[in-house]
Amino acid sequence: MADQGFAAELRTATWSDHGDNEGSSYMSALVEGRLGRAEYAVLVAQLHPVYDLLEEAADALSADPVAAPFAFDDLRRRAALEADLAYFYGPDWADRIGRNQATRRYCERIKEVCFAWPGGFVAHHYTRYLGDLSGGQYIARQVERSLGIDQGEDGVRFYRFPGKPKAYKDAYRALLDAAPWDAGERAKIIDEVRLAYRLNAEVTTELSRELRIDPAA
Ligand code: HEM
């Protein structure tokens with residue numbers, strides 16, 4: 001794969017792991033409009049600690065020449081997630097939400113690798129933020145429609161960025177292509193993205209179980 005840039009190599013090498021997320025019962029039910037507000041809110045509650053940690057890691061690595069450029073301020077999601085949580089759970093949302101076991105495992109891995117290993121930070125950052133800028137934009141339209149919330153309003157702020165998703169994605173992929181990683185480091189990052197996809201899939205699998213979402217529906 002030496003003749004293609006790392007952005008394309010990373011996408012190709014991890015696309016089958018992406019499918020486990022796209023095809024999960026919870027995500028399918030969500031995009032097919034089979035979930036109500038309370039059932040959607042529990043996903044937002046799982047995402048909050050993840051972005052909280054990723055954005056803390058971005059601050060910790062703000063002087064790192066490789067990691068820092070990936071963490072554009074415009075991508076930060078914590079404030080949007082908090083507005084959405086306040087909408088669903090009320091002003092005392094922080095006391096009313098909990099993280100499930102899979103979210104705890106995901107957060108543990110972020111703590112292990114994202115604060116001291118720039119490539120590990122980029123792996124986890126890419127998995128979430130490039131996803132939000134990609135399939136996330138489709139998910140947003142489905143959620144807005146099924147929950148009856150206008151684009152970018154409280155409840156669905158998480159999916160809307162200040163600028164155009166394509167511009168951020170192009171810039172992000174250019175950074176992936178330009179990063180000074182050798183073949184060994186690229187392989188480690190690919191492995192970490194695959195793990196990040198698995199950890200994400202486990203979160204929605206646990207939500208499917210908790211909410212008794214029928215995979216065959
Ligand atoms: C219903 C659920 C999902 C659907 C329908 C979906 C759909 C898509 C689609 C169509 C793309 C390609 C867009 C493009 O080429 O511009 C994409 C890209 C991506 N998605 Fe998803 N996705 C879903 C869930 C997820 C989840 C849960 C994650 C993260 C855990 C994720 C992470 C990504 C990433 C990182 C990319 C960018 C890949 C790359 O171009 O390098 N997706 N998604």
Side-chain angles (χ1 to χ4, degrees), residues 1 4-35 39-40 42-51 53-54 70-72 75 77 81 99-100 102-103 105-107 109-110 113-114 119-147 156 158-159 161 163-179 181 186 189-208 211 213 215 217:
M1 292 205 179
Q4 63 173 341
F6 186 52
E9 181 187 348
L10 178 59
R11 179 189 167 103
T12 306
T14 59
W15 195 245
S16 62
D17 302 277
H18 175 275
D20 296 339
N21 281 281
E22 189 176 349
S24 81
S25 304
Y26 180 91
M27 293 310 289
S28 302
L30 182 63
V31 297
E32 287 164 17
R34 288 188 274 122
L35 301 185
E39 293 164 314
Y40 173 63
V42 289
L43 174 64
V44 183
Q46 304 314 301
L47 293 177
H48 181 265
V50 168
Y51 284 82
L53 272 175
L54 286 172
F70 286 91
F72 325 133
L75 296 186
R77 301 288 82 205
L81 284 165
R99 52 187 85 177
N100 68 26
T103 301
R105 285 195 297 275
Y106 186 12
C107 288
R109 185 64 187 168
I110 293 174
V113 302
C114 292
F121 168 76
V122 173
H124 283 273
H125 191 271
Y126 159 87
T127 308
R128 284 300 336 174
Y129 295 82
L130 214 67
D132 300 332
L133 292 165
S134 305
Q137 299 303 299
Y138 163 73
I139 298 170
R141 288 191 292 278
Q142 302 305 101
V143 171
E144 286 156 4
R145 186 175 309 152
S146 68
L147 300 189
V156 293
F158 170 65
Y159 299 102
F161 294 87
K164 289 213 182 323
K166 181 165 186 318
Y168 297 122
K169 283 166 64 175
D170 289 348
Y172 206 100
R173 290 187 174 125
L175 287 169
L176 287 170
D177 286 342
W181 296 314
R186 287 180 172 199
I189 293 169
I190 287 170
D191 283 348
E192 194 63 34
V193 168
R194 299 187 67 199
L195 176 59
Y197 274 131
R198 280 203 297 284
L199 290 166
N200 271 280
E202 286 173 13
V203 172
T204 50
T205 300
E206 193 163 333
L207 292 182
S208 307
L211 299 169
I213 294 168

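Atoms considered below: every heavy atom in the structure, side chains included; atoms not considered: hydrogens, waters and symmetry mates. Order of listing sets the numbers, starting from 1, for every ligand and every atom in it.
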Distance filter under 4.0 Å, heavy atoms only, around ligand 1 gives Arg11, Trp15, His18, Asn21, Glu22, Met27, Val31, Tyr126, Thr127, Arg128, Leu130, Gly131, Ser134, Gly135, Tyr138, Ile139, Lys169, Arg173, Tyr197, Asn200
Kindly write out the residues that satisfy salt bridge (Lys or Arg N to Asp or Glu O under 4.0 Å) with Arg198, not counting sequence neighbours, or none if the list is empty. none
Do the rings of Trp181 and Phe70 sit parallel, tilted or perpendicular, given the 30° and 60° boundaries? parallel
Pair Arg34 + Glu39, salt bridge at N-O below 4.0 Å: no
Check salt bridge (Lys or Arg N to Asp or Glu O under 4.0 Å) between Glu206 and all other residues, then give those that pass, not counting sequence neighbours. none
I'd like to know if the side chain of Tyr168 reaches the main chain of Gly163, judged simply by a donor and an acceptor atom lying under 3.5 Å from each other, with no hydrogens or angles considered. yes
Sequence neighbours excluded, the answer for side-chain hydrogen bond (donor to acceptor under 3.5 Å, both in side chains) partners of Asp170 is Lys166
